[in-house]
S.K.: 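Let me give you the structure first, and then I'll get to my questions.
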Amino acid sequence: MRQEDIWDAEAAQSYDTPGRGMFAPEVIGPTVERLAELAGGGRALEFAIGTGRVAVPLAERGVPVAGIELSQPMIDQLRTKAGEQAIPVVAGDMASATAPGEFTLVYLVYNTVANLLTQAEQVACFRNAARHLRPDGRFVIELWVPELRKLPPGAAATVWHHEPGYLGLDTYDVLGQQVVSHHFRFGEGREARVYRTPHHYIWPAELDLMGQLAGFELESRHADWSGAEFTADSRSHVSVYRLPEALER
């Protein structure tokens, strides 16, 4: 499954869920406030900007935002909300594409770094963030913690969410650190609609090493955007990496 095939026109059209899910005010609000604080009055660059879930309210908050996005249908959906002058976007891979200018903040939200399916691509993403940042700039990643403790002995899948009409489960390849998320949606009949997304999962300590390889230092890690303490039981984290000095471009 290639990412450009997954995030097609159908996915882009159904991605936005205004006012609920990851578009709920209690999700968007703390995210935007924290990113605006970390931008420090400078420009922000979003890797995998998608349909502008975070970029549009962040720009409305007064932060100049640009983006990189692999999927043209997702960019097209963003363009229904904000024009090129308001939020310029470069079509390309977040591990290698270059946006013009220099930034005080690069951010990558909602587990999207795991869409890069090899460790080498993920390290390249860190290095690409460093290339875009000013000295003392920050790279922020929001990422889930692999839930391997929930796997019973000999089992390869976990149910991570269920509600009427929906079932979400993950299947794991623990040797290759690969996980496929399966989304089942169903109605009154016997048939379900299935949507799958592959990921290469990353442990927090592994993520820190990727940052070191790109010249970053870990500045902070919290369990959410509001600053809750990160513990062994946290299901996700927001990690802030800082570039201590200028790197050779």
Side-chain angles (χ1 to χ4, degrees), residues 1-17 20-24 26-27 31 47-48 50-51 53 70-71 73-74 93-95 108-123 125 141-210 221-225 228 230-239:
M1 291 180 284
R2 301 186 312 161
Q3 294 296 332
E4 49 265 59
D5 295 331
I6 294 169
W7 304 107
D8 58 10
E10 182 180 359
Q13 288 294 325
S14 61
Y15 187 80
D16 292 4
T17 56
R20 57 189 178 86
M22 60 180 171
F23 285 81
E26 62 268 24
V27 175
T31 305
F47 282 178
T51 67
R53 180 183 72 93
L70 184 65
S71 166
M74 298 291 272
D93 189 328
M94 61 184 169
L108 183 50
V109 298
Y110 216 73
N111 308 322
T112 311
V113 68
N115 288 2
L116 298 169
L117 298 182
T118 68
Q119 188 180 74
E121 290 177 303
Q122 291 166 349
V123 171
C125 182
I141 293 181
E142 178 187 18
L143 184 61
W144 98 101
V145 178
E147 297 187 296
L148 297 191
R149 290 190 298 175
K150 291 186 176 181
L151 283 175
T158 62
V159 175
W160 54 270
H161 188 75
H162 62 87
E163 62 184 54
Y166 176 80
L167 176 67
L169 64 88
D170 288 336
T171 54
Y172 284 86
D173 168 11
V174 296
L175 185 61
Q177 285 188 214
Q178 301 291 326
V179 59
V180 178
S181 294
H182 306 257
H183 308 266
F184 298 88
R185 300 190 183 278
F186 45 89
E188 298 297 328
R190 295 184 298 173
E191 295 184 354
R193 185 175 178 85
V194 182
Y195 181 74
R196 297 181 299 157
T197 55
H199 311 275
H200 183 276
Y201 64 81
I202 317 165
W203 299 104
E206 183 184 12
L207 199 71
D208 295 348
L209 181 56
M210 292 180 184
R221 172 169 290 133
H222 294 96
D224 58 28
W225 291 101
F230 180 73
T231 71
D233 295 320
S234 297
R235 296 185 62 186
S236 63
H237 59 94
V238 175
S239 297

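Scope of the values below: all heavy atoms of this structure, side chains included, with no hydrogens, waters or symmetry mates.
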S.K.: Which atom pair, heavy atoms only, marks the closest approach of L169 to A157?
M.R.: CD1-CB, 4.5 Å

S.K.: How far does OG1 of T197 sit from NE2 of H182, to the nearest 0.5 angstrom?
M.R.: 8.5 Å

S.K.: State the CG-NE2 distance between L207 and H237, to the nearest 0.5 angstrom.
M.R.: 5.5 Å

S.K.: Q178 versus L117: any side-chain heavy-atom pair under 4.5 Å?
M.R.: yes

S.K.: If you round to the nearest 0.5 Å, how far is OG1 of T17 from CE of M22?
M.R.: 6.0 Å

S.K.: Going by the rule salt bridge (charged side-chain N to carboxylate O under 4.0 Å, His left out), which residues pair with D224 if we only count those two or more places apart in sequence or in a different chain?
M.R.: none

S.K.: Should F47 and V113 count as side-chain neighbours, where that means a heavy-atom distance under 4.5 Å?
M.R.: no

S.K.: When rounded to the nearest 0.5 angstrom, what distance separates CD1 in I202 from CH2 in W144?
M.R.: 7.5 Å

S.K.: Please lay out, stage by stage, how Q119 and E206 fare under the test side-chain hydrogen bond (donor to acceptor under 3.5 Å, both in side chains).
M.R.: CA-CA 10 Å; Q119 188 180 74; E206 183 184 12; 2.8 Å; yes

S.K.: Determine, stepwise, if the pair V27 / R53 fulfils side-chain contact (heavy atoms from CB on, under 4.5 Å).
M.R.: CA-CA 11 Å; V27 175; R53 180 183 72 93; 3.9 Å; yes

S.K.: Looking only at heavy atoms, what is the nearest atom pair of Q122 and A114, with distance?
M.R.: NE2-CA, 4.0 Å

S.K.: If I compare all heavy atoms of L151 with all of A156, which pair ends up nearest, and what's the gap?
M.R.: CD2-C, 3.7 Å

S.K.: Quick one: list whatever passes salt bridge (charged side-chain N to carboxylate O under 4.0 Å, His left out) with E121, sequence neighbours left out.
M.R.: none

S.K.: Hey, what do you get for OG1 (T51) to CE (M74), rounding to the nearest 0.5 Å?
M.R.: 5.0 Å

S.K.: Side chain of E142, backbone of S236: donor and acceptor closer than 3.5 Å?
M.R.: no

S.K.: Identify each donor-acceptor pair in which a side-chain atom of residues 183-193 lies under 3.5 Å from a protein atom, sequence neighbours left out, and give them as a table.
M.R.:
residue	atom	partner	partner atom	Å
H183	ND1	Y166	OH	2.7
R193	NH2	E10	OE1	3.4
R193	NH2	E10	OE2	2.1

S.K.: Does some side-chain heavy atom of L108 sit less than 4.5 Å from a side-chain heavy atom of M94?
M.R.: yes

S.K.: Taking OH in Y110 as the centre, count heavy atoms belonging to other residues, nucleotides or ligands within less than 6.0 Å. Is the count above 12?
M.R.: no

S.K.: Show the nearest heavy-atom pair for residues S234 and V145, with the distance to one decimal.
M.R.: O-CG2, 3.6 Å

S.K.: Is there a side-chain contact between Y201 and D170 (heavy atoms, below 4.5 Å)?
M.R.: no

S.K.: Measure the CZ-CG distance between R235 and D233 for me, rounded to the nearest 0.5 Å.
M.R.: 11.5 Å

S.K.: Apply side-chain contact (heavy atoms from CB on, under 4.5 Å) to the pair D93 and L116, showing each step before the final yes or no.
M.R.: CA-CA 9 Å; D93 189 328; L116 298 169; 3.9 Å; yes

S.K.: I want to check something: taking the side chain as every heavy atom from C-beta on, are T171 and R196 in contact at a cut-off of under 4.5 Å?
M.R.: no

S.K.: One pair to check against side-chain contact (heavy atoms from CB on, under 4.5 Å): V238 and R221. What are the steps and the verdict?
M.R.: CA-CA 6 Å; V238 175; R221 172 169 290 133; over 6 Å; no

